[in-house]
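The structure's right below; bear with me while I get my questions together.
Computation of the quantities below employed the complete heavy-atom set of this structure, encompassing side-chain atoms and omitting hydrogens, waters and symmetry-equivalent molecules.
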Amino acid sequence: HCRGLRDPAVDSSHWRWTFAGGGLVMTTQDKRTAALDLVSECTDALRDLSDAERVRTAVASLAARAYQLQGSVDDRPYFTRTMSRIAHVVRSHGWVEVAGETLEWTIAQGAVDGYVLSEVAECHLARETINATKATLARARAAHVATDAIYTSLVKAYGRSGRRDDARR
């Protein structure tokens, strides 16, 4: 059991939670800072890794830590952003398959929103799979989380494939 206590040392928008056994859990701001540190750690690690399995292992470790940090229902919106940022970094370093796997794991944890699906669409775009990009847009629409970024990904996919008429629609 835990109960919320206001910590007078922190501004009133932050809460600290105490456990029955004592000790403090991180505030929302502490978690945000820790999550940003995970994204930075991901960037740093990918500079030195050149083997797909080592990248998978490193990213899985970061994902598990992010889930431990932000996996509760209350923190889910923060978790989705953290994971979409990590996947973006992974994809930007050329590990598109690992980024896609990471996003699918994130979705399997119940963390799906416009940020996550937008990054899924970007992975499909990097693989030049227009039908998968369209399916991601349909998935986002069905979940009521379609974003401009997903539409932009689809337009880019059509443009790259020479389907300019489809891009205009």
Where Gln70 and Ala35 come nearest, the two heavy atoms and their spacing: NE2-CB, 3.6 Å
CD-CG distance between Gln68 and Asp75, expressed to the nearest 0.5 angstrom: 12.5 Å
Which residues share a side chain to side chain contact (heavy atoms under 4.5 Å, CB included) with Arg91, sequence neighbours left out: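 His88, Val96, Ala99, Glu119, Glu122, Cys123.
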Over 12 non-hydrogen atoms of neighbours within 6.0 angstrom of CZ in Arg76: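 Check passes, neighbour count above 12.
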Residue pair Ala111 / Val116: nearest heavy atoms and the distance that separates them: O-CG2, 3.9 Å
Thr80 side-chain N/O to Val112 backbone N/O, donor-acceptor pair under 3.5 Å: no
NE2 on His124 to OG1 on Thr136, rounded to 0.5 Å: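 Going from the OG1 atom of Thr136 to the NE2 atom of His124 covers 3.5 Å.
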For the student: nearest non-hydrogen atoms of Ser118 and Thr147, plus distance: CB-OG1, 4.0 Å
Connected via hydrophobic side-chain network under 4.5 Å: Leu36 and Val90: no
Asp44 (side chain) donor-acceptor with Glu41 (main chain) under 3.5 angstrom: no
Crowding at CZ, Arg54 (>12 non-hydrogen neighbours, <6.0 Å):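 Not buried by this count: 12 neighbours or fewer within 6.0 Å.
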Flag side-chain contact, heavy atom, 4.5 Å: Tyr115 against Met83: no
Partners meeting side chain to side chain contact (heavy atoms under 4.5 Å, CB included) with Glu104 (sequence neighbours left out): Ile107, Val120, Arg139
Partner residues of Tyr78 under the ring-ring contact (aromatic ring centres under 6.0 Å, His included) criterion, sequence neighbours left out: none
Beyond-backbone contact of Val89 with Leu46, side-chain heavy atoms, under 4.5 angstrom: yes
Val155-Leu117 co-clustered via ILVMFWY side chain contacts under 4.5 Å: no
Distance in Å, Cys42 SG paired with Arg85 CZ, rounded so as to fall on 0.5 Å steps: 13.0 Å
Sidechain-backbone polar pair: Thr129 side chain, Ala132 backbone, donor-acceptor under 3.5 Å: no
Phe79 atom CZ, over 12 foreign heavy atoms within 6.0 Å: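 Yes - once you tally the heavy atoms of other residues, nucleotides and ligands closer than 6.0 Å, there are more than 12.
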Worked verdict on Asp30 versus Thr33 for side-chain hydrogen bond (donor to acceptor under 3.5 Å, both in side chains): CA-CA 5 Å; Asp30 293 335; Thr33 300; 5.8 Å; no
Side chains of Ser40 and Asp37, donor plus acceptor under 3.5 Å: no
Interatomic distance, Thr133 atom OG1 to Tyr151 atom OH [nearest 0.5 angstrom]: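 Rounded to the nearest 0.5 Å, the OG1-OH separation comes out at 14.0 Å.
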Residues, nucleotides or ligands: over 12 heavy atoms within 6.0 Å of Asp148 CG: no
Leu125-Leu137 co-clustered via ILVMFWY side chain contacts under 4.5 Å: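 No; Leu137 is not reachable from Leu125 via cluster members.
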Candidate list Asp51, Val55, Leu49, test side-chain contact (heavy atoms from CB on, under 4.5 Å), partner Glu53, passing option: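 The option that passes is Asp51.
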Nearest-0.5 Å distance, CG of residue Leu38 to CD1 of residue Ile86: 5.5 Å
Reported CG-to-NZ distance for the pair Asp74 and Lys31, which is rounded to 0.5 angstrom: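 Nearest 0.5 Å value for the CG-NZ distance: 8.0 Å.
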Presence of salt bridge, Arg56 and Glu97, under 4.0 angstrom: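 Between Arg56 and Glu97 there is no salt bridge, as every charged N stays at least 4.0 Å from the carboxylate O atoms.
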Backbone of Thr57 reached by a side-chain donor or acceptor of Ser61 within 3.5 Å: no
